[in-house]
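Report on one structure; see the data block that follows.
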Amino acid sequence: MTTTEIISEFIKNQFEIGDDPDFDNDVHLFNEGFVDSFGAVEIIHFIEQEFNIKITQKDITLFPMNTVNEIAAVVDSKIG
């Protein structure tokens, strides 16, 4: 599985999104109500554990992480 697929599956399962037709890898997770601020913490914790990386406050400030694709891009830049 790709980084994007792993993150997408986690979000779909963790936040009970299932097969919602409005969800895709480019949807703004927060503006569209799929994830709230507590969910953001869960996502960061998951990616830190899953990919053995650290997401810093600087990362959060410098890089948009509002979509699955944006989150995956940050993860890929740290592991790759």
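Computed from heavy atoms alone, side chains included, the values below leave out hydrogens, waters and symmetry copies. This is a predicted model, so every value here is computed, not measured.
- We find the OG1-CG distance between T3 and D76 to be 3.5 Å, quoted to the nearest 0.5 Å.
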Item to complete: Take F15 and I43 through the test side-chain contact (heavy atoms from CB on, under 4.5 Å) and record every step on the way to the result.
Response: CA-CA 10 Å; F15 303 103; I43 293 168; 3.9 Å; yes
Worksheet item: For E70 and F63, what are the C-alpha separation, side-chain angles and deciding distance, and is it a side-chain contact (heavy atoms from CB on, under 4.5 Å)?
Response: CA-CA 8 Å; E70 289 173 349; F63 305 107; over 6 Å; no
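- Ion pairing between D59 and K78 holds under the 4.0 Å rule for side-chain N and carboxylate O.
- For the atom pair CZ (F34) and CD (Q14), the distance works out to 15.5 Å, reported to the nearest 0.5 Å.
- Residues I71 and I11 come closest through the heavy atom pair CD1-CD1, 4.5 Å.
- Note on I79: it clusters hydrophobically with M65, by side-chain heavy-atom contacts below 4.5 Å among ILVMFWY residues.
- In this structure, H45 places its NE2 atom where only 12 or fewer heavy-atom neighbours from other residues, nucleotides or ligands lie under 6.0 Å away.
- Counting heavy-atom neighbours within 6.0 Å of N52 CG, excluding the residue itself, gives a total of 12 or less.
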Discussion item. Under the criterion side-chain contact (heavy atoms from CB on, under 4.5 Å), I'd like the reasoning laid out for D22 against E32: C-alpha separation, chi angles, the key distance, then a yes or no.
Written reply: CA-CA 9 Å; D22 294 327; E32 298 303 319; over 6 Å; no
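- Scanning both residues, V74 and P64, for their nearest heavy atoms gives CG2-O, 4.4 Å.
- Linking Ile, Leu, Val, Met, Phe, Trp and Tyr residues whenever their side-chain heavy atoms come within less than 4.5 Å leaves F38 and I55 in two separate clusters.
- Ring-centre distance between F10 and F46: below the 6.0 Å cut-off.
- One N or O on the side chain of E5 and one on the backbone of T2 form a donor-acceptor pair closer than 3.5 Å.
- Atom CD of E48 is separated from atom CD1 of I53 by 7.0 Å, given to the nearest 0.5 angstrom.
- Tracing side-chain contacts under 4.5 Å through hydrophobic residues (I, L, V, M, F, W, Y), one reaches I7 starting from I60; they form part of the same cluster.
- Side chains of D26 and T67: a donor-acceptor N/O pair is absent below 3.5 angstrom, by distance only.
- Of all non-hydrogen atoms in V35 and A40, the two that sit nearest each other are CG1-N, 3.6 Å.
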Discussion item. Does T56 form a side-chain contact (heavy atoms from CB on, under 4.5 Å) with T61? I'd like the steps, not just the answer.
Written reply: CA-CA 9 Å; T56 65; T61 302; over 6 Å; no
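- Distance check: S8 OG to N69 CG gives 9.0 Å after rounding to the nearest 0.5 Å.
- When side chains are defined from C-beta on, F30 does not count as touching D36, because their heavy atoms never get closer than 4.5 Å.
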